[in-house]
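Notes for the one structure printed next.
Only heavy atoms go into these numbers, but all of them, side chains included; no hydrogens, no water, no symmetry mates.
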Amino acid sequence: SVMSTKYLGDTLDIHAGGQDLEFPHHENEIAQSEAKTGHRFVNYWMHNGFVTIGRDNEKMSKSLGNFVTVHDLIKEVDPQVLRFFMSTTQYRRPIQYSQESLVEAQANLEHLKNTYDNLAYRLKDATSGTDGGVQRQLADFRARFVAAMDDDINVQNGIAVVYELMRFANQYVEQRLVQREPIVAIQLMLKRLVAVFGVDLAVSATEINDEKIKELIEKRNAARAEKDFALSDQIRDQLRDQGII
């Protein structure tokens, strides 16, 4: 607490920490700091839940030897999927880590990316014009999302609104006639809301630079001709990550 007040002042806006530190560690910090300064030590305490593992929801920790590091995990799992999985659990709740949870997160993220891609695809045959009904619906989605996130960062309700928006988007693009401005507005809203969870929907096959792809393919063909299979495989993996097989 001495170090905190030295660099951040007598009163901190936000102090975070694990639930296991709430008592006695943080209670002691309050007692020591406020006795010394005479001012409120922290305005908002944010105590996060644990990452749990297994059917018994055992706390993941070094002392128990049951932990998985992010560095190891992202060798097998798309970092965007891992981020999406972790950020869609409210911070005070335990995150129940399992292979099944990651698979579910990956499927949900793929649905969102497919929706974004479908919107981009329908731009090709969209007509000009606006739709007040779509704009009102988007304003409602945004208001409900903000209300959920303002409620102590209630990401479960927030992501539920995003899934509603996704269904709305898919229903719109399935219409025979679609308009450009509503599609762009839906795309932008979907992208912005999902970005709150640290995920970028724009990283998709619809936004690939054709010239760069051709250049990579030519480099791969040259590497194969020179029997540089390590470089060839590296470029193949790079292309695959961008949706090119």
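Considering CD1 of Ile53 and CE of Met60, their distance stands at 4.0 Å, rounded to 0.5 Å. Taken from OG in Ser33 to NE2 in His39, the straight-line distance is 12.5 Å, to the nearest 0.5 Å. Taking OG1 from Thr115 and CZ from Phe168, the interatomic distance works out to 12.5 Å, rounded to the nearest 0.5 Å. Taking CG of Leu123 as the start and CG of Asn118 as the end, the distance is 11.5 Å to the nearest 0.5 Å. Met189 CE to Leu165 CG: the interatomic distance, rounded to the nearest 0.5 Å, is 7.5 Å. Interatomic distance, Asn170 CG to Met166 CE, rounded to the nearest 0.5 Å: 6.5 Å.
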Please step through side chain to side chain contact (heavy atoms under 4.5 Å, CB included) for the pair Leu82 and Ile74, ending with a clear verdict. CA-CA 8 Å; Leu82 181 60; Ile74 61 175; 4.0 Å; yes

Take Asn154 and Met149 through the test side chain to side chain contact (heavy atoms under 4.5 Å, CB included) and record every step on the way to the result. CA-CA 5 Å; Asn154 191 330; Met149 298 299 279; over 6 Å; no

For side chain to side chain contact (heavy atoms under 4.5 Å, CB included), just list the numbers for Leu102 and Gln106, CA-CA rounded to whole Å, side-chain angles, deciding distance to a tenth of an Å, and then say yes or no. CA-CA 6 Å; Leu102 287 177; Gln106 181 173 7; over 6 Å; no

Given side chain to side chain contact (heavy atoms under 4.5 Å, CB included), test Phe50 with Ile95 step by step and report yes or no. CA-CA 6 Å; Phe50 303 128; Ile95 296 178; over 6 Å; no

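Using a 4.5 Å heavy-atom cutoff, the side chains of Glu58 and Asn66 are in contact. Proximity of Phe141 to Glu164: side-chain heavy atoms (C-beta onward) are separated by under 4.5 Å at one or more points. Tyr116 places none of its side-chain heavy atoms less than 4.5 Å from the side chain of Leu112. You'll find the side chain of Thr88 stays beyond 4.5 Å of the side chain of Gln156, heavy atoms only. Leu190 has its side chain out of reach of Gln187: every pair of non-hydrogen atoms, C-beta onward, lies at least 4.5 Å apart. Residues Phe41 and His15 form a side-chain contact, since some pair of their non-hydrogen atoms from C-beta on lies under 4.5 Å apart. In this structure the side chain of Ile183 never reaches within 4.5 angstrom of the side chain of Ile186, judged on heavy atoms. Residues His26 and His47 meet the side-chain proximity criterion, which asks for heavy atoms closer than 4.5 Å.
Leu193 pairs with exactly one of Leu201, Val162, Val146, Ile159 by the side-chain contact (heavy atoms from CB on, under 4.5 Å) rule, that one being Val162.
No donor-acceptor contact under 3.5 angstrom links the side chains of Asp10 and Thr5, judged on distance only. Side chains of Gln80 and Asp200: no donor on one and acceptor on the other come within 3.5 Å. In summary, the side chains of Thr69 and Asp72 do present a donor paired with an acceptor at a separation below 3.5 Å, with no hydrogens or angles considered. There is a side-chain donor-acceptor pair under 3.5 Å between Asp152 and Tyr91.
Side-chain heavy atoms closer than 4.5 Å link hydrophobic residues (I, L, V, M, F, W, Y) into clusters, and following such links, possibly through other members, connects Val51 to Phe67. Val103 and Leu73 are assigned to two separate hydrophobic clusters, defined by single-linkage of ILVMFWY side chains at heavy-atom distances under 4.5 Å. Grouping the Ile, Leu, Val, Met, Phe, Trp and Tyr side chains by contacts below 4.5 angstrom, directly or via other members, places Tyr97 with Val70. Val196 is connected to Tyr163 through a chain of hydrophobic side-chain contacts under 4.5 Å among Ile, Leu, Val, Met, Phe, Trp and Tyr, so both are in one cluster. By the rule that hydrophobic residues join a cluster once side-chain heavy atoms approach within less than 4.5 Å of another member, Leu188 and Tyr172 end up as members of separate clusters.
Here salt bridge (charged side-chain N to carboxylate O under 4.0 Å, His left out) pairs that include residues 217-232, with residues two or more places apart or in two chains, are Glu215-Lys219.
By the 30° and 60° cut-offs, the orientation of the rings of Phe197 relative to Phe145 is perpendicular.
Listed here is the closest heavy atom pair of Ala105 and Phe85: CB-CB, 3.7 Å. Residues Gln90 and Val155 come closest through the heavy atom pair N-CG2, 3.2 Å. Taking both residues in full, the closest heavy atoms of Ser232 and Ala223 are given as N-CB, 4.0 Å, listed atom of the first, atom of the second, then distance. Closest of all the heavy-atom pairs between Ala126 and Gln179 is CB-C, 3.8 Å. Pro94 approaches Thr89 most closely through the heavy-atom pair O-CG2, 3.6 Å. Between Gly129 and Pro182 the shortest heavy-atom distance is O-CD, 3.4 Å.
Within a 6.0 Å sphere centred on CZ of Arg92, heavy atoms belonging to other residues, nucleotides or ligands number more than 12. Counting heavy atoms of neighbouring residues, nucleotides and ligands inside a 6.0 Å radius, atom NE2 of His25 exceeds 12 of them.
A distance-only check finds a donor-acceptor pair linking the side chain of Arg122 to the backbone of Gln175 [under 3.5 Å]. Put simply, the side chain of His111 never gets that close to the backbone of Leu109: no donor and acceptor are under 3.5 Å apart. The main-chain N or O of Gln96 is found under 3.5 Å from a side-chain atom of Ser101 such that the two form a donor-acceptor pair.
Comment: Asp140 does not engage Arg136 in a salt bridge, judged by the lack of any side-chain N to carboxylate O separation of less than 4.0 angstrom.
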